[in-house]
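First up is the structure itself, then whatever we jot down about it.
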Amino acid sequence: MAKTQTSSFSKAKPLPREFYDRDPRKVGRELLGKLLIRKAARGKLLVGRIVEVEAYLGKLDPASHSFKGPTARNEIMFGPPGFAYVYFIYGNHYCLNVSCQPPGIAGAVLFRAVQPLEGMEDMAIARHIKIARERDLRLLTSGPGRMAEAFGITRQRDNGKDFTSEKSDLIIAEPPESDYRLPRILATKRIGITKAADRRLRYVLAGNEFVSGPRKMSQ
DNA sequence: TACATGATGCCCT
DNA sequence: GGGCATCATGTAG
């Protein structure tokens with residue numbers, strides 16, 4: 001592990017708006033392997049490789065928050081693609097999504113887990129946990145609520161943020177070239193929903209340690 | 001104004 | 001594997 005003075009991720013450029021201007025199923029699959037980057041205070045970075053996402057298909061999808069049409073909470077999903085939709089759930093947790101498809105058409109991809117690559121110390125502080133061994137790293141970002149907490153995501157701070165702006169402190173970028181080869185992608189049922197529960201709209205990187213919940217095809 | 005619900009995680013068996 | 005904390009939001013009244 002070579003320690004570098006400046007992060008190899010500091011020059012990462014956000015993916016363009018067009019990337020998100022498509023069906024959430026396509027966006028979700030293609031987000032796997034990409035980097036979620038939070039530019040924190042004093043030039044510090046939090047970086048994770050996206051390993052698990054779920055697609056939500058707006059008015060075509062009873063499980064989507066936007067199924068019944070726009071409200072104050074979900075309006076971001078009805079706006080332009082590439083913006084953060086953050087919601088609070090179960091009285092405890094925030095979950096991070098990115099809006100997809102053109103204005104007027106709701107759709108989103110939920111980020112469920114990333115593999116931490118940089119800023120693990122700060123993530124551990126944000127999560128209020130200690131990392132004693134390698135396998136504890138899972139506790140940082142495996143699961144949507146954990147991941148959001150590790151990255152300091154809140155609705156107040158991040159809802160409506162533009163993932164595609166160079167000025168944004170929350171972006172998604174292509175990993176540096178040659179650094180990574182994409183594994184196989186598995187499509188499984190989504191987690192924790194009751195409506196449209198049989199649709200395989202959860203996408204995970206096969207065999208990745210940091211995927212939350214089932215890592216194989218369920219039935 | 002009241003109430004039911006939930007795209008979760010943690011702790012206890 | 002199961003129970004539960006805890007509150008923003010939507011919907012009904």
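Lettering follows sequence order; numbering is per chain, from 1.
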Considering just the side-chain nitrogens and oxygens of [X], establish if one lies under 4.0 Å of OP1 or OP2 belonging to [N].
| X | N | result |
| --- | --- | --- |
| Arg127(A) | dC10(B) | yes |
| His65(A) | dT9(C) | no |
| Arg112(A) | dT8(B) | yes |

Seminar exercise, completed: The answer to which of Ile193(A) and Arg146(A) contacts DNA chain B further toward the 5' end, by nearest nucleotide, is Ile193(A)
Rounded distance in Å - [atom1] ([X]) to [atom2] ([N]):
| X | N | atom1 | atom2 | answer |
| --- | --- | --- | --- | --- |
| Arg138(A) | dG9(B) | CZ | C1' | 13 Å |
| Asn92(A) | dG3(C) | CG | P | 18 Å |
| Leu139(A) | dT8(B) | CG | P | 17 Å |
| Asn97(A) | dA7(B) | CG | P | 11 Å |
| Tyr90(A) | dT6(C) | OH | P | 16 Å |
| Ile89(A) | dC7(C) | CD1 | P | 14 Å |
| Arg202(A) | dA7(B) | CZ | P | 16 Å |
| Glu52(A) | dG9(B) | CD | P | 9 Å |

For this session: Check every strand shown and say whether Phe88(A) touches a base, only sugar-phosphate, or nothing at a heavy-atom separation below 4.0 Å.
Result: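 The residue Phe88(A) makes sugar-phosphate contact but no base contact.
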Exercise. Contact class for Arg73(A) (heavy atom, under 4.0 Å): base, sugar-phosphate, or nothing?
Worked result: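 Sugar-phosphate, backbone atoms only, no base.
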Exercise. Taking the nucleotide of DNA chain C with the closest heavy atom to each, which residue, Asn74(A) or Gly91(A), is nearer the 5' end?
Worked result: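 Closest to the 5' end, via its nearest nucleotide, is Gly91(A).
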Exercise. Between the base of dA8(C) and the side chain of Tyr87(A), is there any donor-acceptor pair under 3.5 Å?
Worked result: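 No pair found.
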Charged N to carboxylate O below 4.0 Å: is that the case for [X] and [Y]?
| X | Y | answer |
| --- | --- | --- |
| Arg22(A) | Glu30(A) | yes |
| Glu149(A) | Arg127(A) | yes |
| Asp136(A) | Lys130(A) | no |
| Lys26(A) | Asp23(A) | no |

Exercise. Partner of dG10(C) by Watson-Crick or G-U wobble geometry, both contacts under 3.5 Å, or none?
Worked result: dC3(B)
For this session: Please say whether more than 12 non-hydrogen atoms of neighbouring residues, nucleotides or ligands are located less than 6.0 Å from CD in Glu134(A).
Result: no
Enumerate the protein-to-nucleotides 11-13 of chain C contacts in which both atoms are nitrogen or oxygen and the separation is below 3.5 Å.
none

Problem set entry | Residue of the set Leu31(A), Thr164(A), Leu170(A) for which side-chain contact (heavy atoms from CB on, under 4.5 Å) holds with Val98(A) |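 Among Leu31(A), Thr164(A), Leu170(A), the one that satisfies the side-chain contact (heavy atoms from CB on, under 4.5 Å) with Val98(A) is Leu31(A).
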Problem set entry | Val109(A) side chain near Tyr56(A) side chain, heavy-atom distance below 4.5 Å |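 Not in contact.
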